[in-house]
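Here's the structure we're looking at; comments come further down.
Reckoned from all heavy atoms, side chains included, excluding hydrogens, waters and symmetry mates. Predicted model, so just to flag it, every value in this text is computed and none were measured.
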Amino acid sequence: MMDRDRNKTLLLELQRAAGTGNGRCADCGELDPEWASYKLGIFICLNCSGIHRNLPQISRVKSLRLDFWENDLIEFMKKHGNLCAKAKYEAKVPPYYYIPQSCDCLVLREQWIRAKYEREEFVATRVCHDPCSAGSREGFLWKRGRESRQFQKRRFLLSAREGVMKYYIKESRGPKAIIRIENLNAMFQTEKIQHAHGLQITYNTDGQTRNLFVYHESGKEIVDWFNAIRAARYHYLRTTFPSVPEPELIPRITRNYVKEGYMEKTGPKQKEAFKVRWFCLDSQERNLMYFKNPLDAFAQGQVFIGRMDEGYEVRAGLPQGIRVKKRKPAITVVTPVREFVFICENDREQREWIDALNGVIAQPLTG
């Protein structure tokens, strides 16, 4: 019993020890990890420990507080730790490779863990592919049809060298779309697409944002596609803006929407009936887009969100003189041209939308 208590105390001290990196999950960065892999010598969070359980040949996990730790395991943990593992397993992570955080979807976190420890893709002895090579890929993805709304197998071709991504409906014909990498973005949307490997690809065409919704049965394959798109984007940004520092470039490779969800909107006269729409806020493009349905190919409209000194503002509540029957929280987006009125589902949604919109208003305009 004394050994059990002593070892638990030693483990918790190790987790909090300065200069070890043990205070955050070795895989997703979550604070105060409560689990550890005693085969790898790392401290991990509960969610990542579930992924490690599926890799018994590589990793074995125990709870820091609930399980018994033998003396030799404590000594092993002392000799290793998160920074030690990072130096070995993350020695050659390419700058374009997406390193998931605790808030990211399961497939991203699982493939990151498998890439590190199972496939050892980033150890020092591995040869790194340059972004141009890594940003070239060809294969099949299941794509949702714009009209049919059914997922069908389509051939996709990505070429960083040519600066384009294409997809084909029939092999005998030319590509259905040629997408410039300059306009390309990708983000995982597992809940919206209702598939654990669901990916949303967006690009600008004729001044509009076009959405493609795809998935692959293999988690590895869809994450490889995502990182290939990121490699192609990185190659484009690095060659187009050679003097921009790396820390400024990395966040522009791909991006998630700041916030998404349902709100109700009225028309320009503010007398029209309120209609439920799906909204997406893109901070990089400074656009609040709205769709009839979450999986629509094109938005019904969009609102540009400028800076406060240009006359943009977001307020809680309705404009003066506007009354609605529903007693729900509202927000008013003020622009130099007109005021846009939106009704939120509840107080929490109202606060989140106000915070998200204010975040975009506060950020400087980029060229």
Exercise. Rounded to the nearest 0.5 Å, what's the gap from CZ on Arg137 to CG on Leu158? Could you check?
Key: 9.0 Å
Quiz prompt | Spatial distance of atom CD1 (Ile354) from atom CZ (Arg315) [nearest 0.5 Å] | solution = 12.0 Å
[X] vs [Y] side-chain heavy atoms within contact, under 4.5 Å:
X      : Y      : result
Leu106 : Thr190 : no
Phe226 : Thr254 : yes
Val214 : Tyr167 : no
His52  : Trp35  : no
Phe340 : Thr335 : yes
Pro319 : Val341 : yes
Met165 : Tyr203 : no
Pro94  : Phe122 : yes

Is it true that [X] and [Y] have a side-chain N and a carboxylate O under 4.0 angstrom from each other?
X      : Y      : answer
Glu349 : Lys259 : yes
Glu138 : Arg155 : yes
Glu110 : Arg114 : yes
Glu75  : Lys79  : no
Glu121 : Lys92  : no
Glu90  : Lys116 : yes

Using the rule that Ile, Leu, Val, Met, Phe, Trp and Tyr join whenever any side-chain heavy atoms are under 4.5 Å apart, tell me whether [X] and [Y] fall into a single cluster.
X      : Y      : answer
Phe274 : Val276 : no
Ile193 : Ile229 : no
Met289 : Met187 : yes
Phe156 : Val107 : yes
Ile169 : Ile201 : no

Quiz prompt | Glu30 to Ser102 - nearest heavy-atom pair and separation | solution = OE1-OG, 3.0 Å
Who pairs with [X] by ring pair (Phe, Tyr, Trp, His ring centres under 6.0 Å), at least two apart in sequence or on another chain?
X      : result
Tyr89  : Tyr117
Phe342 : Phe279
Phe76  : His80
His216 : none

Exercise. Using the test side chain to side chain contact (heavy atoms under 4.5 Å, CB included), find all partners of Asn22 that sit at least two apart in sequence or belong to another chain.
Key: Thr20, Phe43, Asn82
Quiz item: Residues two or more places apart in sequence or in another chain: which of them pass side chain to side chain donor-acceptor pair (under 3.5 Å) with Gln111?
Solution: Arg119
Quiz item: Which residues pass the side chain to side chain donor-acceptor pair (under 3.5 Å) test with Glu162, sequence neighbours left out?
Solution: none
Can you give each donor-acceptor pair under 3.5 Å made by side-chain atoms of residues 296-303, sequence neighbours left out, with the distance rounded to 0.1 Å?
residue, atom, partner, partner atom, Å
Asp296, OD2, Lys292, N, 3.4
Asp296, OD2, Asn293, N, 3.0
Gln300, OE1, Arg277, NE, 2.6

Quiz item: Which is it for Tyr312 and Val360 under the side-chain contact (heavy atoms from CB on, under 4.5 Å) test, yes or no, and what are the steps along the way?
Solution: CA-CA 10 Å; Tyr312 290 85; Val360 177; over 6 Å; no
Self-check item: Plane angle bin for Tyr236 and Phe241 - parallel if under 30°, tilted between 30 and 60°, otherwise perpendicular
Solution: perpendicular
Exercise. Would you please classify the geometry between the His195 ring and the Tyr215 ring as parallel, tilted or perpendicular, with 30° and 60° separating the classes?
Key: parallel
Quiz item: Do Lys176 and Arg154 pass the side-chain contact (heavy atoms from CB on, under 4.5 Å) test, and can you show the C-alpha distance, the side-chain angles, and the key distance before you say yes or no?
Solution: CA-CA 10 Å; Lys176 174 69 175 171; Arg154 299 288 183 245; over 6 Å; no
Self-check item: Worked verdict on Tyr234 versus Tyr97 for side-chain contact (heavy atoms from CB on, under 4.5 Å)
Solution: CA-CA 10 Å; Tyr234 178 78; Tyr97 194 97; over 6 Å; no
Side-chain donor or acceptor of [X] paired with backbone N/O of [Y] under 3.5 Å:
X      : Y      : value
Asn227 : Tyr98  : yes
Trp142 : Gln150 : no
Arg109 : Asp27  : no

Quiz prompt | Residues which pass salt bridge (Lys or Arg N to Asp or Glu O under 4.0 Å) with Lys328, listed by chain and number, not counting sequence neighbours | solution = Glu345
Exercise. Using the test salt bridge (Lys or Arg N to Asp or Glu O under 4.0 Å), find all partners of Arg144 that sit at least two apart in sequence or belong to another chain.
Key: none
Quiz prompt | Qualifying residue, where the test is side-chain contact (heavy atoms from CB on, under 4.5 Å) with Thr202 and the options are Asn183, Asn211, Asp282 | solution = Asn211
Exercise. Only pairs at least two apart or in different chains count here, so list each salt bridge (charged side-chain N to carboxylate O under 4.0 Å, His left out) that has a residue in residues 198-217.
Key: none
Quiz item: Which residue pairs pass the salt bridge (charged side-chain N to carboxylate O under 4.0 Å, His left out) test when at least one of the two sits in residues 47-63, sequence neighbours left out?
Solution: Lys62-Glu70
Quiz prompt | Trp353 and Val314: CA distance, side-chain angles, deciding distance, side-chain contact (heavy atoms from CB on, under 4.5 Å) verdict | solution = CA-CA 9 Å; Trp353 276 112; Val314 57; over 6 Å; no
